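What you are looking at is a predicted structure, and each value in this text was computed from that prediction instead of being measured.
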Amino acid sequence: MHNEGTEQASAAATSILNNIRLWQDATAAGDVDKLLDLMDEEVVFLVAGHPPMKGRELFAQNLRNILQTHHIASSSQIQEIVLQTDLAYTWSYLQVEIIPKQAGQYMKRAGNVLSIWRLQADGKWRISRDANLLTLETQNEPEA
C-alpha cells in the first residue's frame with residue numbers, strides 16, 4: 001500500500017477495503033440499494049468491448065436485470081492501494097461467477113480491475129471510476 005500519511009491513510013485504506021468486501025457481499029445478496037451507496041452518482045464503469053456505463057441508475061438497472069435470473073459470487077485479491085487526501089485507487093485481481101438460478105448459462109470471468117475512489121462530503125469513500133478487464137474463463141458448470 002502506498003499512501004500519503006499515517007493514521008488517516010490507514011483509516012482510509014481500511015474503509016476502502018471494507019467497501020470492497022461490502023460490494024461483494026451486497027452483490028451476492030442481490031442488495032442493489034447497498035451497492036448504490038458505495039458509488040458516486042456520476043460513476044463510470046469501463047468494460048472492454050462495451051460503451052462506458054455512466055451513472056448509478058444505469059448500473060442498478062443492468063444489475064437488477066441480471067439478478068432476476070442469476071446469482072453472482074465474487075472474490076478479489078487487492079494488489080495495490082494508493083491514497084491521497086481525497087482520492088485513491090485500487091488495483092485488484094477479481095474473479096466473478098455468474099450462476100443461473102434455474103436454467104441458463106454459467107459464466108466465470110476473471111482479470112484485473114482498476115478502481116478510482118473519491119472521499120465524499122459525507123466522509124465516505126465511493127467508487128468514481130472503474131476499469132474492468134475481466135475475461136471469460138469458462139462457460140462450463142463448476143464440477144461438484
Side-chain angles (χ1 to χ4, degrees), residues 1-3 8-144:
M1 173 176 51
H2 305 283
N3 56 55
Q8 205 170 26
S10 179
T14 298
S15 178
I16 290 169
L17 290 172
N18 286 339
N19 283 352
I20 292 169
R21 284 193 270 297
L22 279 171
W23 186 285
Q24 291 172 342
D25 292 346
T27 301
D31 190 343
V32 177
D33 292 332
K34 187 173 280 186
L35 289 170
L36 293 179
D37 189 47
L38 296 173
M39 62 185 90
D40 187 272
E41 283 187 45
E42 303 301 321
V43 68
V44 176
F45 292 92
L46 304 173
V47 178
H50 298 278
M53 184 177 7
K54 298 179 180 179
R56 287 192 306 203
E57 293 312 313
L58 182 56
F59 174 90
Q61 176 185 348
N62 289 339
L63 183 57
R64 283 186 176 109
N65 288 339
I66 293 168
L67 291 173
Q68 288 179 16
T69 57
H70 291 77
H71 294 286
I72 299 174
S74 63
S75 64
S76 64
Q77 296 84 40
I78 306 303
Q79 305 298 310
E80 185 175 45
I81 299 176
V82 176
L83 298 158
Q84 296 298 317
T85 305
D86 61 354
L87 190 67
Y89 72 80
T90 55
W91 163 31
S92 307
Y93 183 81
L94 178 63
Q95 294 178 306
V96 177
E97 290 181 279
I98 303 169
I99 307 158
K101 291 182 179 179
Q102 294 185 6
Q105 185 177 13
Y106 169 86
M107 286 187 285
K108 184 173 184 181
R109 296 183 176 274
N112 293 291
V113 176
L114 186 65
S115 302
I116 299 174
W117 301 80
R118 289 190 188 272
L119 183 60
Q120 306 289 304
D122 64 0
K124 292 183 181 180
W125 287 90
R126 290 188 175 88
I127 290 179
S128 176
R129 301 291 184 267
D130 190 80
N132 176 319
L133 302 174
L134 276 60
T135 58
L136 192 61
E137 276 196 352
T138 179
Q139 294 183 338
N140 298 323
E141 296 266 347
E143 294 189 25

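- With sequence neighbours left out, N62 forms a side chain to side chain donor-acceptor pair (under 3.5 Å) with no residue at all.
- Looking at residues two or more places apart in sequence or on another chain, you find no salt bridge (Lys or Arg N to Asp or Glu O under 4.0 Å) involving K34.
- Across H70 and Q105, no two heavy atoms sit closer than the pair NE2-O, 3.4 Å.
- Considering only heavy atoms from C-beta on, I78 stays 4.5 Å or farther from I16 through its side chain.
- Applying the ring pair (Phe, Tyr, Trp, His ring centres under 6.0 Å) test to pairs two or more places apart or on separate chains, those with a residue in residues 9-42 are W23-F59.
- Sequence neighbours left out, the pairs with a member in residues 47-75 that pass salt bridge (charged side-chain N to carboxylate O under 4.0 Å, His left out) are D33-R64, E41-R56.
- Counting only heavy atoms from C-beta outward, the side chains of S76 and I20 approach each other to under 4.5 Å.
- Inter-residue side-chain proximity for R129 and L46 is flagged as unmet; no heavy-atom pair is nearer than 4.5 Å.
- In terms of heavy atoms, A60 sits closest to L36 at CB-CD2, 3.8 Å.
- In this structure, S74 OG and I98 CD1 are separated by 10.0 Å, a value rounded to the nearest 0.5 Å.
- Interatomic distance, R109 CZ to E137 CD, rounded to the nearest 0.5 Å: 10.5 Å.
- With sequence neighbours left out, the side chain to side chain contact (heavy atoms under 4.5 Å, CB included) criterion links L67 to V32, L63, I72.
- What you find for M39 and L35 is that their closest heavy atoms are CE-O, 3.4 Å.
- Applying the side chain to side chain donor-acceptor pair (under 3.5 Å) rule to T27 yields no partners; only residues at least two apart in sequence or on another chain are considered.
- F45 CZ to L58 CG: the interatomic distance, rounded to the nearest 0.5 Å, is 9.5 Å.
- Residues satisfying the side chain to side chain contact (heavy atoms under 4.5 Å, CB included) test with T69, not counting sequence neighbours, are none.
- E97 and Y106 share a side-chain donor-acceptor pair at under 3.5 Å.
- From S92, atom OG reaches atom CG of L114 across 8.5 Å, with rounding to the nearest 0.5 Å.
- In terms of the side chain to side chain contact (heavy atoms under 4.5 Å, CB included) criterion, D25 has no residue partners (sequence neighbours excluded).
- Residues satisfying the side chain to side chain donor-acceptor pair (under 3.5 Å) test with N132, not counting sequence neighbours, are none.
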Please list, one pair per line, the donor and acceptor atoms closer than 3.5 Å that link side chains of residues 116-123 to other protein atoms, with sequence neighbours excluded.
residue : atom : partner : partner atom : Å
W117    : NE1  : T90     : OG1          : 3.0
R118    : NE   : S128    : OG           : 3.3
Q120    : NE2  : D40     : OD2          : 3.4
Q120    : NE2  : R118    : O            : 3.3
D122    : OD1  : K124    : N            : 3.0
D122    : OD1  : R126    : NH1          : 3.1
D122    : OD2  : R126    : NH1          : 3.1
D122    : OD2  : R126    : NH2          : 2.9

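- Using a 4.5 Å cut-off on side-chain heavy atoms (C-beta onward), M53 and D130 make no contact.
- The number of heavy atoms from other shown groups lying within 6.0 Å of CD (Q79) is above 12.
- At distances below 3.5 Å, at least one donor-acceptor pair connects side-chain atoms of T14 with backbone N or O atoms of S10.
- The side chain to side chain contact (heavy atoms under 4.5 Å, CB included) test applied to Q68 returns N65, not counting sequence neighbours.
- Residues N19 and W125 share a closest heavy-atom pair of ND2-O, 2.7 Å.
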